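To keep things clear, I will list the structure first and then write my remarks on it.
Nothing fancy with the numbering, it's 1 onward along the sequence. Predicted model, so just to flag it, every value in this text is computed and none were measured.
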Amino acid sequence: MTMIDSRCLMENGGGGGGSCLPCTPEEEKQIVEELDREAERDLKEGNLYFVVSSRWFSKWESYVGRGGADNLDNGKSSEPQDLDVERPGPIDNSDIIEGRISIEGDELELVRTLLEGRDYVLVPKKVWEKLVQWYKGGPALPRKMISQGVFNKKQFNVEVYPLRLKLIDSRDDSESTIQISKKASLHGLYEKVCSARGVEREKASIWDFFNKQKSSQLSGSNQTLEELHLQMDQEILLELKDDSSPSQSGKDSTGNELALVALEPPRSPMSIAGGPAMSNGHSSSYSLNLWPGSAVNSSFKDMDDGFGVHSSVRRVEKGGLAGLQNMGNTCFMNSALQCLLHTPQLVEYFLQDYSEEINTQNPLGMHGELALAFGDLLRKLWSSGRTAIAPRVFKGKLALFAPQFSGYNQHDSQELLAFLLDGLHEDLNRVKQKPYIEMKDWSGEPDEEVADECWRNHKTRNDSVIVDVCQGQYKSTLVCPICSKISITFDPFMYLSLPLPSTVTRTMTVTVFHGDGSGLPMPCTVSVLKHGNCRDLSQALDSACGLKSGESLLLAEVYDHKIYRMLENPFEPLVSIKDEDHIVAYRFCGKGAGRKKLEIVHRDKYTPDILRGNVGKYFGTPLITYMDDDSPSGADIYLAASRLLSPLKRACASTMAHSGEENGFLLEANGETSSGCNGQCEPRDQSMGNTELEGTSSQELPFQLFLTDDRYLSCKPIFKDSVIKSGNRIKVVFEWTEKEQKLYDSSNLKDLPEVYHKTGYRAKKTRQEAVSLFSCLEAFLTEEPLGPDDMWYCPSCKEHRQATKKLDLWMLPDILVFHLKRFSYSRYLKNKLDTFVDFPVHNLDLSKYVKKKDGQSYTYELYAISNHYGGLGGGHYTAFAKLIDENRWYSFDDSRVSPVNEADIKTSAAYVLFYRRVKTESKAEMGETSQAHAGL
């Protein structure tokens, strides 16, 4: 590495300018990878990284052969990649720069909707310097690494989008934009503003001018801009201390003495955290022994919209109808928050005195800050009428404790909900010191005993309003497929993530070959679930082909007349198979697990492949059979090949074969058959991988086979007395000459049909059939084997096993949350299901699904929905929530709040459903109940 690096740093003697001798692509790759590793070893705050356009960087990666991306969708050639890739031109970041934005200091602004990996990559400073040295270009887009989070949640991130603030100068009402790190100090902000506007530091006064309203003067603080809750694109106001003229544009000209206090709303007899209020409106103090600068101490002075320590809850005629301002792609947060802020039990709890339950010592919590920020937001929403609230403080706390939600990218409302419920629980956990409890293995005790003990153990460590209201318990049963060991556990849950049984089908055509040569290949067309897996396809083919007992199918994908991949994993998603792909199924007696495969590919000797010189061109479909011998002889290979080819024999083949034998046709003295590759198939010194060929004596052969490697780059003739030693797959080339064409009809191997051939006219898209919530729940509770990446360690076998798993509901909470799994991710495809789920609004009866029979009511009523509209990587979140007292539904779309009919809340956008338990009434009062069978 050092030698390569120093070579590229050498300078040419002339011209006075430094330049390096050109590096080879491999050398560039090695240098960059070493510099990447060096930067990884030295991660710290302040490190400089550079943003580089993915469009240019991917060209460089192709040039140096650094293909980290999965190319399964881009090209399937199993041949060596073309080494003659064009060298990329100068670095070009023009496609990721926002050309319209003018920023003080001529700093460049990135397009706001970029995603790392898709649109740009981040490279360390030394890598950037090398790339510029080799390619020139630019422009440079430097970004600093910052530390985010607190306590044990700290992590390093590159601040790709620094804070952008709109600076309004009160002297002339001019507006300009400055860009500064959110980790910068207030002193740094003053320096940047004063430098940009040409004013003296002593005379400058900067105000938080959010929504163009003075909220507080930014002075005398050592906090960062992030801690001051300054938001992307918000306004700040510059005033000069000796400027006595009133500011314009509706700015009020309060004096400096008012800059030290927050503006308060009218007070009422209830204060923050439910503290009792004195007659003068000031709340009595609480001695919570909080760590300095956190929890109540910081929250009292950080409340949004001027709400401070003395702010109070004012019940208005229609509380709970305030929208939440979008702070930059925060609709996901607003949607989840509105659902929680309209949860009756949480509203009741946070409007009362909960200060004594704030846990500031819990290392798993946020020292009470998240609970206080949420409680403050809830109080404002239920006291501010219809005035939209800007949840700046809450967003700041969220970014502090969950850096994954910081920034201004779109996130998942359900992921935020999961974090928020868990965070609120830990902040309000009544257990100050969690005892250690050793888990015991199930040994046949009754379910009731085990479930009660598990719940008692859970409550010993976890006891909060969230546990009281939102947590239930389910039974999990694992069974080892080898020794039948059973493991039963009872685990708590906060929500249920339900799969969506897809009703959308696709038509797939698969060509079925007989692995024993007992019949001709036949195409078979079946209908399967679009989002099913290979097991579903195998079962459909099994039924369509009439497989006998003991028979099995081996699925494979053919590309360029070779096996591109074996589809042996039954859980392989069918979305990985495109309509234009070619799929084959090989039919065998018995199972093929662990057996050696013989794979035969076909090559036409007299049709040269231009790309490979004189080597014959591959054609047709590979044939596969199983070999029972671990080290088969050449005779075994020829016998297996003859068996596979037997259905292709022409009617006159036996006469021709007999005549050929008499005339020595099958083994010509001049060795034409063995040398039929025009010199290309003679034994070579190339490595054959782990495959060896022993024995080379000539014997009469019915045709000529050649042993090849995994990439079909070399081949050696196989003789009858050859001994083949290989791994689990033996790859053989069958070379077709004029003789073989007369003996066998190769047309049956050609023209492999596509999975689905699109016609010239696109069929009209049919509407997907709806599924019921009960169908989703039953799919969640269905027994299924664990995935290969989620193996279970069997304590009996002492090995990881692909056990079967069965879930059962044991105990349900008062607030039951259903997460509909609309988003699916795989190595091949990211997908969103827009399936319409028919869910009950009233009288959701789950009693038949609950195993614990304790007389508890398991009837629920819907009260909130988090909706997602659009596709992946974007879209928009909204919420529907019901005001229980009014018995009326409302739509919450960020700041916009409007009534909505109950009949209109059922849409295919429903993503997270919130239900509350209701007491069962008599049948006459209850009316028609949504029994489980009604949705089936």
Apply side-chain contact (heavy atoms from CB on, under 4.5 Å) to Trp736 and His602, showing your working.
CA-CA 7 Å; Trp736 290 73; His602 310 278; 3.1 Å; yes

For Met791, does the CE atom have more than 12 heavy-atom neighbours from other residues, nucleotides or ligands under 6.0 Å away?
yes

Locate the shortest heavy-atom distance separating Leu555 from Cys534; write the atom from each residue and the value.
CD1-O, 4.0 Å

N/O donor-acceptor pair under 3.5 Å between Thr511 side chain and Val584 backbone
no

Does the side chain of Glu778 come under 3.5 Å of the side chain of Ser775 through a donor N or O and an acceptor N or O?
no

Determine whether the aromatic ring centres of residues His800 and Tyr793 are separated by less than 6.0 angstrom.
yes

Can you find a pair of side-chain heavy atoms, one from Leu777 and one from Tyr849, that are under 4.5 Å apart?
yes

Once you round to the nearest 0.5 Å, how far does NZ of Lys617 lie from CZ of Arg603?
13.5 Å

Which value, rounded to the nearest 0.5 Å, describes the distance between Asp808 atom CG and Glu783 atom CD?
10.0 Å

Is the count of non-hydrogen atoms from other residues, nucleotides or ligands lying under 6.0 Å from Lys851 atom NZ greater than 12?
no

Please report the C-alpha distance between Asp710 and Lys731 in whole Å, then the side-chain angles of each, then the deciding distance to 0.1 Å, and finally whether the side-chain contact (heavy atoms from CB on, under 4.5 Å) criterion is met.
CA-CA 7 Å; Asp710 287 340; Lys731 294 191 176 184; 4.0 Å; yes

Salt bridge (charged side-chain N to carboxylate O under 4.0 Å, His left out) assessment of Glu799 paired with Arg801:
CA-CA 6 Å; Glu799 288 187 28; Arg801 301 295 190 192; 3.5 Å; yes

Can you tell if the side chain of Val510 reaches within under 4.5 Å of the side chain of Leu537, non-hydrogen atoms only?
yes

If only atom types and distance count, is the side chain of Glu33 paired as donor or acceptor with the main-chain N or O of Gln30 below 3.5 Å?
no

Kindly determine whether Ile488 and Ser476 satisfy side-chain contact (heavy atoms from CB on, under 4.5 Å), including the steps that lead there.
CA-CA 6 Å; Ile488 294 178; Ser476 175; over 6 Å; no

What's the shortest heavy-atom distance between Lys29 and Gly65, and which atoms?
NZ-O, 3.4 Å

Minimum heavy-atom separation for Leu644 and Ile624, please, with both atom names.
CD2-O, 4.0 Å

In the structure I gave you, are the side-chain heavy atoms of Trp792 and Pro481 within less than 4.5 Å of one another anywhere?
no

Can you measure from CZ (Arg565) to CD (Glu572) and round to the nearest 0.5 angstrom?
5.0 Å

Would you say NZ of Lys59 has more than 12 non-hydrogen atoms from neighbouring residues, nucleotides or ligands within 6.0 angstrom?
no

State, yes or no, whether a side-chain contact exists between Thr804 and Glu784 at a heavy-atom distance under 4.5 Å.
no

Lys597 side chain to Met627 backbone, donor-acceptor under 3.5 Å:
no

Tell me, with the steps shown, if Lys720 and Ser633 meet side-chain contact (heavy atoms from CB on, under 4.5 Å).
CA-CA 7 Å; Lys720 285 190 175 182; Ser633 66; over 6 Å; no

Backbone N/O of Arg535 and side chain of Ser538: donor-acceptor pair under 3.5 Å:
no

Checking Asp628 against Arg595 for the salt bridge (charged side-chain N to carboxylate O under 4.0 Å, His left out) test, could you report, in this order, the C-alpha distance in whole Å, the side-chain angles of both residues, the deciding distance, and whether it holds?
CA-CA 7 Å; Asp628 294 323; Arg595 298 170 68 186; 3.2 Å; yes

Lys805 vs Asp790, salt bridge (charged side-chain N to carboxylate O under 4.0 Å, His left out): CA-CA, chis, key distance, verdict:
CA-CA 11 Å; Lys805 184 176 184 178; Asp790 191 25; 5.7 Å; no

Considering only heavy atoms from C-beta outward, does the side chain of Thr621 approach that of Val601 to under 4.5 Å?
no

Heavy-atom nearest pair, Pro501 first then Val771, reads O-CG1, 3.2 Å

Quick check against the 3.5 Å criterion: does His819 have a side-chain atom that pairs as donor or acceptor with the backbone of Leu496?
no

Could you check whether Lys716 makes a cation-pi contact with Phe706, meaning its NZ or CZ is under 6.0 Å from the centre of the six-membered ring and within 45° of the ring axis?
no

Trace of the ring pair (Phe, Tyr, Trp, His ring centres under 6.0 Å) decision for Phe490 with Tyr474
CA-CA 6 Å; Phe490 289 83; Tyr474 62 72; 9.2 Å; no

What are the two closest non-hydrogen atoms of Ala540 and Val528, and how far apart are they?
CB-CG1, 3.8 Å

Test your reading of the model: is there a side-chain donor-acceptor pair from Asp536 to the backbone of Gln539, 3.5 Å cut-off?
no

Can the ring centroids of Phe703 and Phe734 be said to lie less than 6.0 angstrom from one another?
yes

Interatomic spacing from OG in Ser576 to CG in Leu574 - rounded to 0.5 Å
7.0 Å

Check: Tyr638 side chain, Leu705 main-chain N or O, donor-acceptor pair, under 3.5 Å:
yes

Side-chain contact, heavy-atom cut-off 4.5 Å: Ile600 with Val733?
no

Distance from Glu754 atom CD to Ile583 atom CD1, nearest 0.5 Å?
11.0 Å

Check this for me: does any side-chain nitrogen of one of Arg506 and Asp579 sit under 4.0 Å from a carboxylate oxygen of the other?
yes

Just by modelled atom types, is the Leu833 backbone N or O under 3.5 Å from a matching donor or acceptor in the Arg822 side chain?
yes

Distance-only, no hydrogens or angles: does the Gln802 side chain make a donor-acceptor pair with backbone N or O of Cys480 under 3.5 Å?
no

Donor-acceptor pair, Lys798 side chain versus Pro795 backbone, under 3.5 Å?
yes

Within-4.5 Å side-chain heavy-atom neighbours: Ile730 and Pro632
yes

Would you check, one step at a time, whether the test salt bridge (charged side-chain N to carboxylate O under 4.0 Å, His left out) holds for Lys562 with Asp560?
CA-CA 6 Å; Lys562 307 176 191 71; Asp560 195 23; 3.3 Å; yes

What pair of heavy atoms forms the shortest contact from Tyr712 to Ile563, and how long is it?
OH-N, 4.5 Å

Step-by-step side-chain hydrogen bond (donor to acceptor under 3.5 Å, both in side chains) determination, Ser58 to Glu61:
CA-CA 5 Å; Ser58 61; Glu61 285 192 310; over 6 Å; no

Euclidean distance, Thr489 OG1 relative to Leu478 CG, rounded to 0.5 Å:
6.5 Å

Contact check, side chains of Lys649 and Leu645, non-hydrogen atoms, under 4.5 Å:
no

Between Thr509 and Thr525, is there a side-chain donor-acceptor contact under 3.5 Å, judged purely by atom types and distance?
yes

